[in-house]
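Down below is the structure, laid out as structure tokens.
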Amino acid sequence: MSKLGRKRAEKLEFGVFTLPILIAIVAVFYYPFMMTIRYSLTKWNGISKHPTFIGLDNFKQIFMGDANFTSAAWFTIKYAILYIVLVNVLAILLALVLDMKLKTTSWLRAAFFIPYILSLVIVGFIWKFIFMQGFESLGESTGWGMFALSWLGEPGLAFISVLFVSIWQSIGFYMVIYIAGLQSVPDDLKEAATVDGAGPLRRFFNVTLPLLAPSITISVFMALTNSIKVFDVILSLTGGGPGGTTYSVAYDIYRDTFQNNLYGYGTAKALILFVAVLIITIIQLTIFKRREVEA
């Protein structure tokens with residue numbers, strides 16, 4: 001076979017193997033995305049065959065007169081900032097402890113990782129029972145006032161509950177990422193810093209933390225995208241209550257689309273959420289990757 005014929009055969013073989021994947025990607029991502037853009041420009045209840053085209057009216061209403069969306073966006077921003085900071089700081093601290101050569105290290109790693117295996121919906125229902133029934137029993141037996149508080153009935157406490165349950169469920173995942181990062185830090189650098197007289201804190205901030213930059217980039221990226229899209233724990237734990245104070249943007253989209261049958265309006269909100277996540281993710285990855293290079 002000539003060289004030209006071999007190249008054609010290789011291209012044909014490449015096309016045969018990649019074409020099914022390309023078709024699948026177009027079918028499950030690009031086509032639904034284009035339909036999302038289309039429906040976001042319509043007034044549609046999800047049932048009628050012919051949605052009414054209304055242009056950008058959905059987007060004008062969202063940005064100009066939707067108090068629920070503004071409240072949900074503010075809740076999501078607060079939740080995302082606190083979740084990203086707390087889950088990463090706590091995961092790094094746990095990773096530092098569990099990276100030591102302890103007899104119970106393997107058991108502790110498994111104990112912290114097991115909650116991540118469970119769905120957030122299941123975790124939400126479990127903690128809902130604990131907040132409503134378990135805390136009442138603990139309050140009666142211990143007399144501690146914190147167990148008598150309405151953790152799901154007051155706006156501030158409900159927010160803390162959602163944040164706590166989310167961190168409790170996912171911290172094991174980020175801990176594993178940081179443990180892997182710690183194990184890739186060369187021991188020679190730590191020993192050299194010790195010889196130079198650096199204490200534990202200085203070794204951590206000057207040697208370990210800069211070399212954890214790739215792990216931090218991955219963890220912050222995952223925490224950012226997961227926190228902005230938070231939905232399942234709210235659905236099972238608070239149901240958006242009390243009084244809609246724990247509505248996230250994703251939950252607000254679900255409520256408008258599937259409970260109020262405002263499919264066109266909900267689709268417009270979903271498109272805004274997609275663009276927001278895309279822009280924030282690009283900015284975050286650009287900044288953190290640049291810091292990796294500098295480190």
Practice task
May I ask you to decide if the ring planes of Phe131 and Trp151 are parallel, tilted or perpendicular, using 30° and 60° as cut-offs?
Solution key: parallel
Exercise for the section: Evaluate the ring planes of Tyr39 and Trp44, with Trp represented by its six-membered ring, and classify them as parallel (under 30°), tilted (30 to 60°) or perpendicular (over 60°). Expected result: parallel
Practice task
Mind running side-chain contact (heavy atoms from CB on, under 4.5 Å) on Ile216 and Asn88 for me, showing each step along the way?
Solution key: CA-CA 8 Å; Ile216 293 174; Asn88 280 280; 5.6 Å; no
Which atoms form the tightest heavy-atom contact between [X] and [Y], and what is the distance?
X	Y	answer
Leu98	Met175	CD1-SD, 3.3 Å
Gly153	Pro242	O-CG, 3.5 Å
Pro20	Val16	CD-O, 3.1 Å
Leu118	Gln169	O-NE2, 3.0 Å
Pro186	Leu211	CD-CD1, 4.0 Å
Leu157	Ser150	CD1-O, 3.5 Å

Handout entry: Stepwise side-chain contact (heavy atoms from CB on, under 4.5 Å) check, Phe231 with Ile253
Key = CA-CA 10 Å; Phe231 167 76; Ile253 293 170; over 6 Å; no
Handout entry: Partner set under side chain to side chain contact (heavy atoms under 4.5 Å, CB included) for Ile126, not counting sequence neighbours
Key = Ile122, Ile130
Practice task
Would you indicate whether the side-chain heavy atoms of Tyr83 and Ser170 approach each other to under 4.5 Å?
Solution key: yes
Exercise for the section: Flag the pair Val233 / Val123 as yes when at least one side-chain heavy-atom distance between them is below 4.5 Å, and no otherwise. Expected result: no
Completion exercise
Hits for side chain to side chain donor-acceptor pair (under 3.5 Å) against Asn45, two or more places apart or cross-chain, chain-then-number order -> Ser48
Do [X] and [Y] belong to the same hydrophobic cluster, where Ile, Leu, Val, Met, Phe, Trp and Tyr are linked whenever their side-chain heavy atoms lie under 4.5 Å apart, directly or via other members?
X	Y	answer
Leu224	Ile279	yes
Leu86	Ile77	no
Ile160	Ile171	yes
Trp127	Met132	yes
Ile84	Leu93	no

Handout entry: Any residue meeting ring pair (Phe, Tyr, Trp, His ring centres under 6.0 Å) with Tyr116, in chain and number order, not counting sequence neighbours
Key = Phe113, Phe173
Problem - Residues in ring pair (Phe, Tyr, Trp, His ring centres under 6.0 Å) contact with Tyr178, at least two apart in sequence or another chain - result: none
Exercise for the section: Ignoring hydrogens and angles, tell me if any N or O in the side chain of Thr257 forms a donor-acceptor pair with the backbone of Tyr254 under 3.5 Å. Expected result: no
Practice task
State whether the side chain of Ser71 and the backbone N or O of Ala67 hold a donor-acceptor pair below 3.5 Å, judged by distance alone.
Solution key: no
To the nearest 0.5 Å, what is the distance between [atom1] ([X]) and [atom2] ([Y])?
X	Y	atom1	atom2	value
Leu201	Thr208	CG	OG1	11.0 Å
Ile228	Phe274	CD1	CZ	12.5 Å
Asp99	Leu94	CG	CG	12.0 Å
Ser161	Ile234	OG	CD1	12.0 Å
Ile179	Phe112	CD1	CZ	10.0 Å
Ile177	Ser219	CD1	OG	4.0 Å

Kindly check if the number of other-residue, nucleotide or ligand heavy atoms within 6.0 Å of [atom1] ([X]) is above 12?
X	atom1	result
Lys78	NZ	yes
Phe29	CZ	yes
Tyr30	OH	no
Met35	CE	yes

Problem - Where at least one partner belongs to residues 29-53, residue pairs that pass salt bridge (Lys or Arg N to Asp or Glu O under 4.0 Å), sequence neighbours excluded - result: none
Exercise for the section: Give the C-alpha distance, both sets of side-chain angles, the deciding distance and a yes or no for side-chain hydrogen bond (donor to acceptor under 3.5 Å, both in side chains) between Thr246 and Tyr79. Expected result: CA-CA 10 Å; Thr246 56; Tyr79 172 88; over 6 Å; no
Practice task
Please assess Leu163 against Ile167 for the test side-chain contact (heavy atoms from CB on, under 4.5 Å), listing each intermediate value before the final yes or no.
Solution key: CA-CA 6 Å; Leu163 183 64; Ile167 293 173; 4.0 Å; yes
Problem - Stepwise side-chain contact (heavy atoms from CB on, under 4.5 Å) test for Thr52 and Thr42 - result: CA-CA 5 Å; Thr52 305; Thr42 64; 5.9 Å; no
Practice task
Among Phe159, Tyr251, Tyr247, find the residue that satisfies the ring pair (Phe, Tyr, Trp, His ring centres under 6.0 Å) test when tested with Phe75.
Solution key: Phe159
Problem - Residue pairs, two or more places apart or on separate chains, that pass side-chain hydrogen bond (donor to acceptor under 3.5 Å, both in side chains) and touch residues 260-280 - result: Asp66-Tyr265, Asp66-Lys269, Asp252-Lys269, Asp256-Asn260, Asp256-Lys269
